[in-house]
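When a ligand or atom number is given, it counts from 1 through the structure's own listing order. By convention here, the first residue in the shown sequence is residue 1. Computed from heavy atoms alone, side chains included, the values below leave out hydrogens, waters and symmetry copies.
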Amino acid sequence: MLSIAKTNNWNCSNTLLLQIFLRYCNILFLLPTTTIIHHLFFIENISVRFANYFRQATKRTPKTKEGSRKRPRCIETQTRSWRFFKEKKKYDAEENVKIICLGDSAVGKSKLMERFLMDEYRPQQMSTYALTLYKHTTTLGNKKVLVDFWDTAGQERFQSMHPSYYHNAHACIMVFDVQRKITYKNLSNWFKELREYRPEIPCCVVANKIDADLKITQRSFNFAKKHGLPFYFVSAADGTNVVKMFREMINRALEYKQNPSDFMDEVMQELENFDLKKKEENSDEDGLKAEN
Ligand SMILES: Nc1nc2c(ncn2[C@@H]2O[C@H](COP(=O)(O)OP(=O)(O)OP(=O)(O)O)[C@@H](O)[C@H]2O)c(=O)[nH]1
């Protein structure tokens, strides 16, 4: 291995990559299918970055006219963090988090987002048939944060979501309708699926439509207590607790992103910081060149 490294760096990095990949595949055989899909996203993301990293490290740097060595440019692929980086720049944000919403159909997920983002509520509307992604910028402390709110594509009717919905989420809002008992019962299925893909991210339980029956707020719902989750009584119709709940979840999502407790998230965060540093260095250099 060492001799290969001396003679050919590129081959060495390829062999190393292959070894890591094969070890990873060995582990994959022991996991349930749902976790495997999640891991495949991880492999795709991480392999592209490793390849870019090694390519950049081993590439001979061409000389400029002045004779100095030009910094090699990394061949960028449309990975998630690159998109995050571009969006962060576009929205002039320092951080980017993803928050997903779970719950049965018609519990009011879209209406809650509508209320928070536009302070608006239109009672009659078609069910969500396409995936809706809302972009929202906010300031926490003195940091500008870009929040991606993901709303379902009506897929929840099948009592399950596509793995990509959970991918890289930093927090989850689980909603049920206080007028429909079954939506409360189904929370346990949603929670189980969430934990299969995102074992550690912050999550909360939201009891929506309390405007229809205010007495319901005197009842206790044990699901949240049982799993140690924050619980909110809300109403998208009159706005009760909506802003409070969303603000707290954005805070928790950001906290989680900065201090992830899941190993894979830690790696992703490291890689994102690495990408970010590199791009900042590059833009500094470009700035200096332009000044000269
Ligand atoms: N009374 C009352 N009705 C609400 C409230 N929030 C939502 N609704 C009604 O519940 C219905 C479903 O709301 P949506 O926001 O579309 O529910 P959803 O969970 O996004 O449903 P899908 O689009 O199928 O995923 C709509 O007719 C809303 O008007 C609320 O706070 N109070």
Side-chain angles (χ1 to χ4, degrees), residues 34 97-136 147-198 201-221 223-224 227 229-250 253:
T34 46
V97 291
K98 170 178 170 181
I99 298 183
I100 55 173
C101 226
L102 285 180
D104 285 5
S105 186
V107 291
K109 300 182 291 294
S110 310
K111 293 288 160 197
L112 281 168
M113 290 195 190
E114 207 174 287
R115 167 61 72 184
F116 176 65
L117 298 169
M118 294 167 272
D119 199 15
E120 195 180 86
Y121 176 83
R122 281 169 280 135
Q124 297 301 320
Q125 207 187 333
M126 289 271 286
S127 212
T128 319
Y129 278 103
L131 176 84
T132 320
L133 170 64
Y134 300 98
K135 291 210 170 282
H136 169 71
V147 189
D148 286 340
F149 285 114
W150 286 52
D151 190 9
T152 54
Q155 215 197 329
E156 74 274 26
R157 285 179 201 84
F158 306 105
Q159 300 293 317
S160 174
M161 298 299 297
H162 190 271
S164 56
Y165 189 72
Y166 296 99
H167 182 60
N168 261 1
H170 301 108
C172 172
I173 298 169
M174 279 201 312
V175 189
F176 73 97
D177 177 347
V178 291
Q179 294 182 298
R180 285 186 297 144
K181 210 171 169 183
I182 184 71
T183 64
Y184 176 68
K185 278 192 174 169
N186 284 338
L187 285 182
S188 54
N189 300 333
W190 290 117
F191 191 60
K192 191 167 162 253
E193 187 169 276
L194 169 74
R195 287 309 182 214
E196 274 170 27
Y197 294 108
R198 308 295 287 141
I201 62 167
C203 175
C204 73
V205 178
V206 169
N208 189 30
K209 307 193 188 181
I210 57 161
D211 58 287
D213 176 14
L214 274 175
K215 278 197 206 122
I216 204 87
T217 55
Q218 275 140 35
R219 269 190 56 187
S220 69
F221 293 89
F223 180 83
H227 295 281
L229 305 172
F231 180 85
Y232 302 87
F233 280 113
V234 305
S235 163
D238 65 18
T240 308
N241 275 337
V242 175
V243 174
K244 180 178 186 276
M245 182 272 288
F246 274 103
R247 297 280 312 165
E248 285 180 10
M249 287 315 285
I250 296 172

Would you kindly say whether S235 and D238 are connected by a side-chain donor-acceptor distance under 3.5 Å? yes

Given K109, M113, K209, Q179, identify the one with the heavy atom nearest to atom 19 (O) of ligand 1. K109

Give the numbers and elements of all ligand 1 atoms closer than 4.0 Å to a heavy atom of N208. 5 (C), 6 (N), 31 (O)

When you measure from the side chain of K109 to the backbone of G103, do you find a donor-acceptor pair of N or O atoms at a distance under 3.5 Å? yes

List ligand 1 atoms under 4.0 Å from S235, heavy atoms only on the residue side. 31 (O)

Atom indices of ligand 1, in the order listed, that fall short of 4.0 Å to a heavy atom of D211: 1 (N), 2 (C), 30 (C), 31 (O), 32 (N)

What do you reckon, are the aromatic ring centroids of F246 and F149 less than 6.0 Å apart? yes

Any N or O of G108 that comes nearer than 3.5 Å to an N or O of ligand 1? yes

If only side-chain N and O atoms count, and only distance matters, is there a donor-acceptor pair under 3.5 Å linking Y232 with E248? yes

Do N208 and D177 have side-chain N/O donor and acceptor atoms under 3.5 Å apart? no

